[in-house]
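What follows is one structure encoded as structure tokens, with my remarks underneath.
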Number of protein chains: 2
Amino acid sequence: MNPSDLEKTAGRYAYDGLDRIIHEKARLSIIASLAGYSEGLLFNELKELCSLTDGNLSRHLAILQEADLVQMWKGTRNKRPQTLARLTEHGRRRFLEYVTRLERVVADASQLTRQSESGATLRPRTA
Amino acid sequence: MNPSDLEKTAGRYAYDGLDRIIHEKARLSIIASLAGYSEGLLFNELKELCSLTDGNLSRHLAILQEADLVQMWKGTRNKRPQTLARLTEHGRRRFLEYVTRLERVVADASQLTRQSESGATLRPRTA
DNA sequence: TTTTTAACTTTATAGTGTAAAGTAATTAAG
DNA sequence: CTTAATTACTTTACACTATAAAGTTAAAAA
């Protein structure tokens, strides 16, 4: 890589668009689940789908709610409290944006696959 | 979603394969950069490509090295110390695995796109 | 009426990302 | 020739945050 290349591509791999709130594994898990169920999912369903503990799920849902990515509906189902979580419109858009960025990461990686197949050397370059 | 569905898909969205070490944004950035340059990148090149500060890059490189995902070569270039970072074979494989999981996230998300296009309702479901 | 279960929420803690400060070695300035 | 500045990092301290353990409320069972 020569200096003029650097100039052109500074920040090329910074992945700015990878929104921290969505990128966190547990929350990505939650959002991706909700993305598949536009009618929403119950607390316990999410817990199972995402393999999260109660406290953990509760905290992450609170964070997602605060960011207006998810909305919660509290009700009762046979005399038991039930919480339904759903993506907001905003959350849906932000997730789609996030995924667009992810696609770039995947695309970048395909380059690696090609290079390794073409038998590139693994020696350090000389000074 | 009915209970038998839950049974079948518990952990469906847990994304276990999203290795924490690689998933972290700054490190994903570093690894994706290195993936594009099999001959390795210099400290300052990485700094630019990933828009990281010195300290930040240094720490993350140390973590990646400890995990045997990246290897470092210390040398000098016109009397200045230079550090060259490169993906290890192990790192390359782990990154490819990681990307495979990412592809699943992207695939999951395409479902959302389809649903939103088919005009699904946004009302909470009745108890 | 006491205990247990269900469905969460709150809190304490351990872990981690980040930038500021520190180090060492070279070059430039006075 | 001594001091200041630059380069190329590394170390440290702090602020943040993910997580699970403990706590809460209410219904159901014993």
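Numbered from 1 within each chain, the chains take letters A, B, ... in sequence-line order.
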Handout entry: Atom pair distance, as rounded to whole Å: CG in B:Leu57 and P in C:dT16
Key = 19 Å
Fill in the blank from the handout: In whole angstroms, the gap separating P of C:dG17 from CG of A:Leu18 amounts to 15 Å
Handout entry: D:dC9 phosphate, OP1 or OP2, under 4.0 Å from B:Gln82 side-chain N/O
Key = yes
Exercise for the section: Identify, between A:Lys79 and A:Arg59, the residue whose nearest nucleotide on DNA chain D lies closer to the 5' end. Expected result: A:Arg59
Exercise for the section: May I ask you to verify if any side-chain N or O of A:Ser58 is less than 4.0 angstrom from the OP1 or OP2 atom of C:dC8? Expected result: no
Handout entry: Under-4.0 Å salt bridge between A:Arg27 and A:Glu24
Key = no
Problem - Under 4.0 angstrom between A:Asn56 side-chain N/O and D:dA20 OP1 or OP2 - result: yes
Problem - Heavy-atom closest contact (B:Tyr15 atom, B:Asp108 atom, distance) - result: OH-OD2, 2.6 Å
Exercise for the section: Would you classify B:Lys74 as touching base, sugar-phosphate or nothing, given that sugar-phosphate means primed atoms plus P, OP1 and OP2, and contacts are heavy atoms under 4.0 Å? Expected result: sugar-phosphate
Practice task
Report yes if a side-chain nitrogen or oxygen of B:Thr53 is closer than 4.0 Å to either non-bridging phosphate oxygen (OP1 or OP2) of C:dT18; otherwise report no.
Solution key: no
Practice task
Using whole Å, report how far CD1 of B:Ile21 lies from C1' of C:dG15.
Solution key: 13 Å
Problem - N/O (side chain, A:Arg77) to phosphate O (OP1/OP2, C:dA7) under 4.0 Å - result: no
Exercise for the section: Could you check whether the rings of B:His23 and A:His23 sit parallel, tilted or perpendicular, using 30° and 60° as the cut-offs? Expected result: parallel
Exercise for the section: Kindly compute the distance separating CG (A:Leu42) from OG1 (A:Thr83), expressed to the nearest 0.5 Å. Expected result: 8.5 Å
Handout entry: B:Asp54 or B:Ile63, whichever maps to the more 5' nucleotide of DNA chain C
Key = B:Ile63
Handout entry: Position toward the 5' end of DNA chain D (nearest nucleotide), B:Met72 or B:Arg20
Key = B:Met72
Fill in the blank from the handout: Rounded to whole Å, NZ of B:Lys25 lies from P of D:dC16 at a distance of 17 Å
Problem - Atom-to-atom span, CZ of A:Arg80 to C1' of C:dT4 - whole angstrom - result: 10 Å
Handout entry: Any side-chain donor near an acceptor of the partner, B:His60 and B:Asn56, under 3.5 Å
Key = yes
Exercise for the section: Provide, to the nearest angstrom, the distance between the CD atom belonging to B:Glu66 and the P atom belonging to C:dG17. Expected result: 13 Å
Exercise for the section: For C:dT16, take OP1 and OP2 only and decide whether either is under 4.0 Å from a side-chain N or O of B:His60. Expected result: no
Fill in the blank from the handout: Ranking C:dC8, C:dA19, D:dC9 by distance to the side chain of B:Thr83, first place goes to D:dC9
Fill in the blank from the handout: Separation of D:dT6 atom P from B:Asn44 atom CG, nearest Å, is 16 Å
Handout entry: Nearest-Å distance for atom pair OH/C1', residues B:Tyr15 and D:dA18
Key = 19 Å
Exercise for the section: Identify whether any heavy atom of A:Ala62 sits under 4.0 Å from a base atom; if not, whether one sits that close to sugar-phosphate; answer base, sugar-phosphate or nothing. Expected result: nothing
